[in-house]
Engineer: 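Got a structure for you, written out below as C-alpha cells; questions coming shortly.
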Amino acid sequence: MIAEVYIDIPANPVNKPFDYRVPEPYRDLLEPGMRVTVPFGRTRRLGFVTALKESSEFTRLKSIDAIEDHLPVLTTELLELGRWLADTTVCATVAAYQAMLPAVLKADYKKVVKVEDPKQLKKQHPNLAGLFESKGQLLWAELVKNDVNLLTSINHALRKGSLSIHQLVRNQATAKHVAVVSASVSAERMKLEYSQLSDRAKRQKEALYYFIHRSDSATFHPTMQALTNEGLSRDAILKLAEKELLRIDQVEQFRNPYKRAIEHTEPLKLTDEQANALAPILQSMDKNEHRVFLCHGVTGSGKTEIYLQSIQHVLERKQQAIVLVPEISLTPQMVVRFKGRFGDHVAVMHSGLSRGEKYDEWRKIREEKVQVVVGARSAIFAPFNNLGLIIIDEEHESSYKQEDMPRYHARDIAIHRAQDHQCPVVLGSATPSLESFARARKQVYTLLSLKQRVNHRPLPSVHIVDLREEMRQGNHSVFSKELLEKIKDRLQKKEQTVLFLNRRGYATFVMCRSCGTVVECPHCDISLTYHRAQHLLKCHYCGYEQAVSDTCPTCGSDAMRFFGTGTQKVEAELSRLIPEARVIRMDVDTTRKKGSHERLLRQFGEEKADILLGTQMIAKGLDFPKVTLVGVLAADSLLHLADFRASEKTFQLVTQVAGRAGRHDLPGEVVIQSYSPDHYAVLDAARHDYESFYNQEMALRRLGSYPPFYYLVLICLTHPEPAKVAEAAERIALILKKHLSDSSQIYGPVVPAVAKIKDRYRYQCMVKYKREPALLPVLHRIMQHFQEGGKNGLQVSIDLNPVALM
DNA sequence: AGCACGCCGACT
DNA sequence: GTCGGCGTGCTC
C-alpha cells in the first residue's frame with residue numbers, strides 16, 4: 001500500500017503529493033486525512049495523507065515513520081475543500097489544510113544534536129564536550145544560542161562522526177489530563193488496613209479515613225485537586241495508591257473556558273416579520289435544499305432569535321450548524337445567548353481561547369460531542385459531517401476575509417460547504433455588502449427583510465453636524481458645541497454615551513510648521529503617530545518607535561506641532577472639558593492584554609463609567625440599556641481613503657455605531673460630525689436608508705467597473721530594492737496582458753498609497769474581469785515563476801476578490 | 001523550508 | 001592551494 005502525502009512546507013516546489021510506502025502494521029489503521037511523519041530529504045517532516053493507492057510511478061519509495069492520529073483530522077469533505085481552496089486562492093495545498101485545523105495540530109520541529117563518540121569529542125573539541133557534560137544530547141537551538149562560533153567545531157565534529165543530528169517531530173496536540181482518585185478495595189478491607197497503619201502515618205490514615213467514611217465510597221472518585229483542597233496530603237494519597245488501596249487514573253478532560261453557569265433560555269415568541277423570515281429557512285432545510293438567504297434586518301430587529309430557532313430545527317433534524325460571528329462581536333454576551341439556548345451542544349471558537357482550549361473545542365466537534373459551533377472566521381472549517389445550516393452574522397464584515405494565505409472569504413467557503421451538504425446558508429446584516437445585496441436583487445440569494453425593531457422602539461434620531469461650519473465659528477475642538485452639550489446633558493441624567501473615532505494614538509502626524517517636514521517611519525512610507533502615554537512616535541504598520549524631538553530634524557526649528565486626532569487626544573480633551581466624566585478608552589492599545597476587552601466592557605455595563613470612547617471595536621454587538629447618546633467624531637475619516645469601498649465602509653460603520661443608541665426603554669440619539677455632511681454615505685446612514693445608499697453606490701461602482709459588476713484580482717509585489725520590484729511588476733503585467741482575454745482590464749504596475757512597508761518596496765497590478773477562464777492557470781504560473789525566491793528576494797501575493805486595495 | 005551541490009573572492 | 005560566500009535545484 002502506498003500513501004500520497006503532502007509535506008507541511010507551504011512552498012511552491014513541494015506543493016504536490018509525495019508517495020510513501022505504508023508499513024504492514026499500519027495498513028489497517030491509515031486513512032486519508034490523517035497526519036503522518038515521514039522522512040523527507042534528510043529531515044523528518046509532518047505530512048497529510050490525501051490518498052491511498054496500490055502503485056506508484058516512483059521506484060525508490062521511503063516508508064512512513066509514524067501515524068499521528070487515531071481519527072483523520074481532515075474529513076473527506078475537508079480534503080476536497082482544501083484542494084479547491086488552494087486552487088481558487090492560489091496558495092499551497094498544505095497551507096489550506098493548515099488553515100482548516102487548530103494550531104496545535106501543526107508539528108513542532110526540534111533539531112537534536114547527539115554525542116556519538118564521547119572520547120573523540122573530548123579529545124578534539126573539549127569546549128563542546130564541556131557543554132554536553134554528562135548529557136548524551138542537546139537541542140540544536142540551545143547549543144547554538146550560547147555561542148555562534150561553535151558552528152565550525154560542531155560541523156567538524158559532525159563530519160568526524162563524534163556528533164550526529166536528529167530531527168524530532170513533536171505532536172503538540174496534548175489533551176489535558178486530570179488525576180482522579182478512587183478506592184480500589186472494599187470498605188471492609190480499607191478499615192482493616194486502616195487499623196494496621198502505624199500511628200506515625202498520620203496523613204495516610206487521614207486520607208484513608210476520608211474514603212472509608214463515604215457512603216458512596218464505591219462510586220466516589222474525586223480529583224486529586226479536590227482532595228488536596230480538602231486539606232489531604234498528596235504524598236499520603238500517592239503512598240496509598242502505591243499500596244494499591246487507592247487508585248489514581250489520568251482522565252482526559254476538556255478544558256472549559258466558560259466556567260460560569262449560564263441560565264437556560266426558551267425560544268421567544270416571534271413577531272410576524274420574524275416568523276415570515278424563519279419559515280423559508282426551515283422549509284429549505286426540510287427539503288434538503290441548498291439556498292442562500294440574505295437576512296437584511298435593521299439593528300434590533302431580532303435576527304439572532306431567528307438564528308437560534310433555525311438552529312433548534314437543525315438539532316431536531318439531528319444535524320449540525322455553524323454560526324460565524326465577527327471576532328470583535330464574539331463577546332460573552334453573544335456566547336451566553338447560544339449557550340443559554342443550547343447548553344452543552346455548543347462549542348465556541350475565538351481568538352481569546354488558548355491553543356489548548358481551541359483544540360478541545362475542535363475535538364468536541366470532531367468527535368461529535370457538540371452539534372453547534374459559534375466562532376470567528378476559521379470556525380467555517382468545523383469538521384462536522386452532517387451540516388444542516390450555516391449562519392454568517394454581520395456578513396458584510398471585512399474580517400471574514402483572511403488577510404494572509406490562504407486569502408479566503410468565509411462566505412465563499414460557507415457556500416461551497418453548504419452545496420456539499422445540500423443545506424441552506426443564512427447571511428445576516430443590517431448593512432449587507434453590495435455583493436450580497438446585488439445577488440439578492442438578482443434572485444441568486446433569497447432576500448428576507450426585517451424592517452421593524454422587535455420592541456417597536458423607534459430607530460434613534462440622528463443629527464449631522466457640519467464640522468466646517470464649526471471651524472468657521474472658531475471651534476477647533478474635536479467636539480462640536482452640540483455634541484459637547486449633549487454629553488454634559490447625559491452626564492447629568494446619569495445616562496451613558498458612546499463616542500466613536502476610527503483612529504488610535506494621540507496625534508496622527510507630527511509636522512514642522514516652519515518647513516513642512518512630517519516625521520515618517522524610517523522603515524515604512526507612512527507618518528508616525530504620536531502616543532502620549534509613553535511620549536513616543538509609533539508606526540502603526542511595523543511597530544517602530546522613536547522618541548519625540550522638540551526640534552525639526554530637517555530645519556532645526558522648534559516649531560514641531562501635533563496634527564490630527566486620535567482616541568488618546570479625545571480622551572485628554574474630555575478630561576479637560578468635562579473633568580468629572582469617567583471615561584473608558586477602548587482601542588488596540590488598551591485591549592492588548594488577554595481579557596482586557598471583556599473587562600472594559602463589563603465595567604461600562606456596570607456603569608462604572610459615563611463615556612465609552614473607542615475605535616472600530618466598539619461599533620458592534622454592544623447592547624447597554626443606559627446608552628442614549630452616540631457620537632461619531634469624524635464620520636469621514638474613512639471616506640477619503642483611496643479605496644472603492646470607502647463609502648460602503650463609512651455607511652456601514654456609521655449605521656452600526658448609531659445602532660448602539662437607545663436599544664431599550666430610553667430613546668436614543670446620535671450625533672454625526674463630518675467635514676462632508678452632504679455625502680450620500682453619511683446622509684443615508686443618518687436616514688437609516690440602506691436602499692438609497694445601495695442605489696447611489698451601485699451607480700458609481702458600475703461607472704468604475706468595480707465589484708459587484710466586475711471581479712478584482714490584486715497582485716502585490718515586495719522587494720528590498722525598488723528597481724527589482726518595478727521590473728518584476730512590469731513582467732507580470734506583460735504576462736497578464738498576453739494570456740488574459742480582451743474583456744479583462746489590466747491595471748498597473750502602480751506604486752500603492754503606502755509605497756514601502758518594513759523596508760520592502762511595493763508594487764501592485766490589478767485585474768478587473770467578468771469571466772476569465774485563463775485567470776487561475778495564469779495566476780498559478782505567476783506564483784510558480786516568481787515565488788521561488790529566498791528570504792530577502794521577491795515576495796508575491798495574489799489576492800482574489802480583495803476587500804481593500806491597500 | 002532545509003540542505004547539498006557548485007562556482008568565484010580573501011586567506012593559512 | 002583552501003575556506004566559505006550564497007545562487008540553483010531537489011526532496012517520494
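Letters go in sequence order (proteins before strands), and every chain restarts at 1. Computed over heavy atoms, backbone and side chain alike; hydrogens, waters and symmetry mates excluded.
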Engineer: Can you measure A:Asp8 atom CG to B:dG2 atom C1' for me and round it to whole angstrom units?
Structural biologist: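 One finds 12 Å between C1' of B:dG2 and CG of A:Asp8, rounded.
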Engineer: Report the residues that fulfil salt bridge (charged side-chain N to carboxylate O under 4.0 Å, His left out) with A:Glu730, sequence neighbours left out, ordered by chain and then residue number.
Structural biologist: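 For A:Glu730, no residue satisfies salt bridge (charged side-chain N to carboxylate O under 4.0 Å, His left out) once neighbours in sequence are set aside.
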Engineer: Round to the nearest Å and state the distance from A:Arg44 atom CZ to B:dC3 atom P.
Structural biologist: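 Value for this atom pair: 14 Å.
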Engineer: Going by atom type alone, with no hydrogens or angles, which donor-acceptor pairs under 3.5 Å involve a side-chain atom of residues 798-806 of chain A and a protein atom two or more places apart or on another chain?
Structural biologist:
from	atom 1	to	atom 2	distance (Å)
A:Asp799	OD1	A:Lys401	NZ	2.5

Engineer: Excluding sequence neighbours, so at least two apart, what forms ring pair (Phe, Tyr, Trp, His ring centres under 6.0 Å) with A:His421?
Structural biologist: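 Once residues adjacent in sequence are excluded, A:His421 has no partner under the ring pair (Phe, Tyr, Trp, His ring centres under 6.0 Å) criterion.
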Engineer: Can you list the residues that meet the ring pair (Phe, Tyr, Trp, His ring centres under 6.0 Å) rule with A:Tyr711, with sequence neighbours excluded?
Structural biologist: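 For A:Tyr711, the residues satisfying ring pair (Phe, Tyr, Trp, His ring centres under 6.0 Å) (neighbours in sequence not counted) are A:Tyr769.
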Engineer: Rounded to the nearest Å, what distance is computed from the CG atom of residue A:Asn12 to the P atom of nucleotide C:dT8?
Structural biologist: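 Atom-to-atom, A:Asn12 to C:dT8, this comes out as 16 Å.
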Engineer: Who pairs with A:Tyr20 by ring pair (Phe, Tyr, Trp, His ring centres under 6.0 Å), at least two apart in sequence or on another chain?
Structural biologist: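 In terms of ring pair (Phe, Tyr, Trp, His ring centres under 6.0 Å), with neighbours along the sequence ignored, A:Tyr20 is linked to no residue.
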Engineer: List, with names and distances, any nitrogen or oxygen atoms from the protein found under 3.5 Å away from nitrogen or oxygen atoms belonging to nucleotides 10-12 of chain C.
Structural biologist:
from	atom 1	to	atom 2	distance (Å)
C:dT11	O3'	A:Gly41	N	3.2
C:dC12	OP1	A:Tyr20	OH	3.4
C:dC12	OP2	A:Lys62	NZ	2.4
C:dC12	O3'	A:Asp19	O	2.8
C:dC12	O3'	A:Lys62	N	2.7
C:dC12	O2	A:Asp19	N	2.6

